[in-house]
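Here the structure is a predicted model, which is why all the values come from computation and not from measurement.
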Amino acid sequence: MTYHPKSDFMRVMIERGFLADCTDYQSLDEALVEGVVPAYIGFDATAKSLHVGSLIQIMMLRWLQKTGHKPITLMGGGTTKVGDPSFRADERPLLTPDQIDDNIAGIKKVFANYIDYDAENDSKAVMINNAEWLDDLNYLDFLRDIGRHFSVNRMLSFESVKSRLDREQSLSFLEFNYMILQAYDFLELNRRYGCLLQMGGSDQWGNIVNGIDLTRRVLDNQIFGLTSPLLTTSDGKKMGKSLSGAIWLNSDMLSSYEFWQFWRNTTDADVGRFLKLYTELPLEECERLGALEGSDINDAKIVLANEVTKLAHGEEAAKAAEATAREVFEKGGTGDDLPTISLTAQDIGDGISIVQLIVKAGLVKSGKEAKRLISENGARVNDAPLEDAGMMVSTDDLELPMKLSAGKKRHALVRLDG
RNA sequence: GGAGGAGUGCCCGAGUGGCUAAAGGGGGCGGACUGUAAAUCCGCUGGCUAUGCCUACGUUGGUUCGAAUCCAACCUCCUCCA
């Protein structure tokens, strides 16, 4: 960007790599200088927790608040009933209202760690559910008041739905309405809360622009949109997957240790970028750490893991995760923070096969995979290669916690409970 | 409503009566190399109480000793027409 912003928020967004595009850099910048700007990001409730793919959005709201503005976290209680088709190859399964409520409850937990909803100033954040205005819409009124502002011709031209239209997959009318509902959200947030800005990933650009147009037409208000880059790791993978699935932000969905490990395993080339996006370390520090060469950059990865985990799960959790990681990887020992399963004597009975234990410990999905792992010499028990796939484990073997390993990186503890 | 095309394993995609748990690729997992990195190379990749059994090629039935493969009906999607 050649634009030199006057506002702290825009400056941070640009310097730290959050900015992919903005509908009007200069006007938005001026609004940010003039006063408190309420800005929102919407989160659909498709799972019980958000994952690291949404973390960049959360960090944007956090910076927004830190630079003196007002974050609005919009929970998509209404829009989730429709499902966002943007850049998706197929239709999502519809969630029931109960599932959606459950998911919202889970997602809410994580925001409190990043955003202050109790601030006693103009930057106090608010959390709103768009079900508030979407659930009770009257179809005909909505079509007449809002629908008339949308051109189907134009809607069909959006990149976000193009792949669906071009290819053999259908786009249901239900999903097609998503962009109208999201546009309407922006309008309502402007009307009700004076919201001036919507942020989101660059895949949301079309939806955001629609909201801006709609608000201008209906209320004659100028509002703004700002998008973050769609994050992939430098080796071209989507952000947020790792060894065993999605990287959830909620600690009840993914342990702090595993969360920490995800960041510790960042690809070299991403370290500097991630430090800027996902931590609040000074820029120079991010750059210095990201520029470390060879094995020195491992120290930077530890800093990254500590900082991100601290924000998400708290300082204690970060410390415990680091301690366990050091114990496990540097000394080849064990640590309390490793994923642990507890078995009762009853579970074990006369003995349980090692194959079953490996499955129960969550290191593999099936007994067959466990056997494969063993035959490939990837399984270890207390750090000794496991050769006998038929090995039985008795309660006596679990006097001390047993450490099971799958490959070099994945470990779990098995304890006897009670 | 009419005509034509399509529906395969986590994904893409070959197969068009037995040799098919189904080529190839991607992804994933394990190994080597390293730095708990990347790239590269090698191997594995449906499940189970396992010399056998179960599940699987849109769904349901049928033909056959035998079907992903043939037939019928249905469902869904795509393209064109109304």
Side-chain angles (χ1 to χ4, degrees), chain A residues 85 88-91 93 161-176 232-247 257-275 289-306 309 321-335 337-339 349-356 358-359 361-380 383 385-387 389-390 392 404-412:
Chain A
R88 287 186 61 92
D90 45 23
E91 192 165 352
V161 296
K162 249 193 164 156
S163 59
R164 279 283 274 284
L165 297 172
D166 291 349
R167 294 175 84 229
E168 67 282 18
Q169 295 294 333
S170 82
L171 178 70
S172 70
F173 184 66
L174 173 74
E175 294 174 282
F176 190 51
T232 51
T233 57
S234 60
D235 42 326
K237 288 170 191 150
K238 257 194 203 151
M239 191 68 196
K241 298 276 171 165
S242 117
L243 296 171
S244 34
I247 305 302
Y257 168 79
E258 289 168 288
F259 186 77
W260 193 94
Q261 276 296 312
F262 169 77
W263 296 99
R264 170 62 184 81
N265 282 309
T266 298
T267 304
D268 286 10
D270 292 328
V271 172
R273 194 160 55 111
F274 285 5
L275 281 164
L289 287 168
L292 291 174
E293 300 272 340
S295 59
D296 288 344
I297 203 168
N298 284 333
D299 296 334
K301 293 181 188 181
I302 290 170
V303 172
L304 174 66
N306 280 337
T309 308
E322 184 189 0
T324 289
R326 284 194 189 279
E327 191 62 39
V328 171
F329 287 96
E330 291 172 21
K331 298 178 190 159
T334 68
D337 234 24
L338 287 178
D350 295 336
I352 182 170
S353 75
I354 192 68
V355 168
Q356 283 309 308
I358 293 172
V359 175
L363 293 171
V364 295
K365 293 195 199 80
S366 68
K368 199 174 177 183
E369 267 187 59
K371 283 173 186 163
R372 192 182 304 138
L373 185 72
I374 294 165
S375 71
E376 287 171 331
N377 292 319
R380 275 166 296 136
D383 295 306
L386 174 65
E387 279 157 23
M392 296 299 284
L404 295 176
S405 309
K408 287 179 177 156
K409 287 195 196 173
R410 294 152 57 227
H411 309 279

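Between the base of B:G35 and the side chain of A:Asn298 there is a donor-acceptor pair shorter than 3.5 Å. A donor N or O paired with an acceptor N or O is not found under 3.5 Å between the base of B:G35 and the side-chain atoms of A:Asp296. One N or O donor and one acceptor, one from the side chain of A:Gln261 and one from the base of B:U36, sit under 3.5 Å apart. Scanning atom types as modelled, one donor and one acceptor separated by under 3.5 angstrom connect the side chain of A:Glu376 and the base of B:G43.
With rounding to whole Å, A:Lys368 atom NZ is found 15 Å from B:C53 atom P. Atoms CD1 (A:Ile302) and C1' (B:A37) sit 13 Å apart, rounded to a whole Å. For the pair A:Phe329 CZ and B:A37 P, the computed distance is 9 Å after rounding to whole Å. Atom NZ of A:Lys365 is separated from atom P of B:G46 by 12 Å (rounded to the nearest Å). B:U36 atom C1' lies 11 Å from atom CG of A:Asp268, rounded to whole Å. Protein atom CZ of A:Phe259 is 17 Å distant from nucleotide atom C1' of B:U36, rounded to whole Å. For the pair A:Arg410 CZ and B:U36 P, the computed distance is 18 Å after rounding to whole Å. In this structure, CG of A:Leu304 is placed 17 Å from P of B:U36, rounded to the nearest angstrom.
Among the atoms of the strands shown, base atoms are found under 4.0 Å from some heavy atom of A:Gly294. Counting any heavy atom pair closer than 4.0 Å across all strands shown, A:Ala269 reaches no nucleic acid atom. Nucleic acid contact for A:Lys371: base, since at least one base atom lies under 4.0 Å from a heavy atom of the residue.
A:Ile374 places a side-chain heavy atom less than 4.5 Å from the side chain of A:Ile358. Residues A:Ile354 and A:Leu404 form a side-chain contact, since some pair of their non-hydrogen atoms from C-beta on lies under 4.5 Å apart.
For the C1' atoms, the distance linking B:A67 with B:U20 amounts to 11 Å, nearest Å. Taking atom P in both B:C81 and B:C74, the straight-line distance is 25 Å, to the nearest Å. Across B:C12 and B:G58, the matching P atoms stand 13 Å from one another, rounded to whole Å.
Along RNA chain B, the nucleotide nearest A:Glu330 and the nucleotide nearest A:Leu373 are compared for position; the residue whose nucleotide lies closer to the 5' end is A:Leu373. Comparing A:Ala325 and A:Glu369 by the nucleotide of RNA chain B that holds the closest heavy atom to each, the one mapping nearer the 5' end is A:Ala325.
If you check B:G24 for Watson-Crick or wobble pairing at under 3.5 angstrom, you find it paired to B:C12. Shown here, B:A6 forms a base pair with B:U76; the pair counts as Watson-Crick or G-U wobble because both key distances fall under 3.5 Å. The partner of B:U40 is B:A32, by the rule that a Watson-Crick or G-U pair needs both atom distances under 3.5 Å. Pairing for B:C57 is absent, judged as Watson-Crick or G-U wobble with the two contacts each under 3.5 Å. Across all strands shown, nothing is found opposite B:U51 as a Watson-Crick or G-U wobble partner with both distances under 3.5 Å. A 3.5 Å limit on both hydrogen-bonding distances identifies B:C65 as the Watson-Crick or G-U partner of B:G18.
OP1 or OP2 of B:G35 has not a single side-chain nitrogen or oxygen of A:Arg264 nearer than 4.0 Å. Phosphate contact (OP1/OP2 of B:G31, side-chain N/O of A:Lys409, threshold under 4.0 Å): absent. Note on A:Arg372: a side-chain N or O is less than 4.0 Å away from OP1 or OP2 of B:G47.
Heavy atoms of other residues, nucleotides or ligands lying less than 6.0 angstrom from CD of A:Glu330 number more than 12.
Taking the six-membered ring for Trp and the full ring otherwise, the centers of A:His411 and A:Tyr257 sit at least 6.0 Å from each other.
Residue A:Ile297 places its side chain closer to B:G35 than to any other of B:U36, B:G47, B:G35. Nearest to the side chain of A:Gln356, among B:U49, B:C44, B:G47, sits B:U49. Picking from B:G47, B:A38, B:G30 the nucleotide with the shortest atom distance to the side chain of A:Thr267 gives B:A38. Proximity note for A:Lys408 (side chain, C-beta onward) versus B:A32, B:A50, B:U36: the nearest is B:A32. For A:Lys301, counting side-chain heavy atoms from C-beta on, the closest listed nucleotide (B:C48, B:G35, B:G30) is B:G35. Among the nucleotides B:A37, B:C48, B:G35, the one closest to any side-chain atom of A:Ser366 is B:C48.
In this structure a side-chain-to-backbone donor-acceptor pair under 3.5 Å is missing from A:Thr267 to A:Asp270. Under a 3.5 Å cut-off, the side chain of A:Arg380 and the backbone N or O of A:Ala406 do not form any donor-acceptor pair.
Taking the six-membered ring where tryptophan is involved, the planes of A:Trp263 and A:Phe259 are perpendicular, since the angle between them exceeds 60° and thus also 30°.
Taking CG of A:Leu289 as the reference point, atom NZ of A:Lys301 lies at 12.5 Å (rounded to 0.5 Å).
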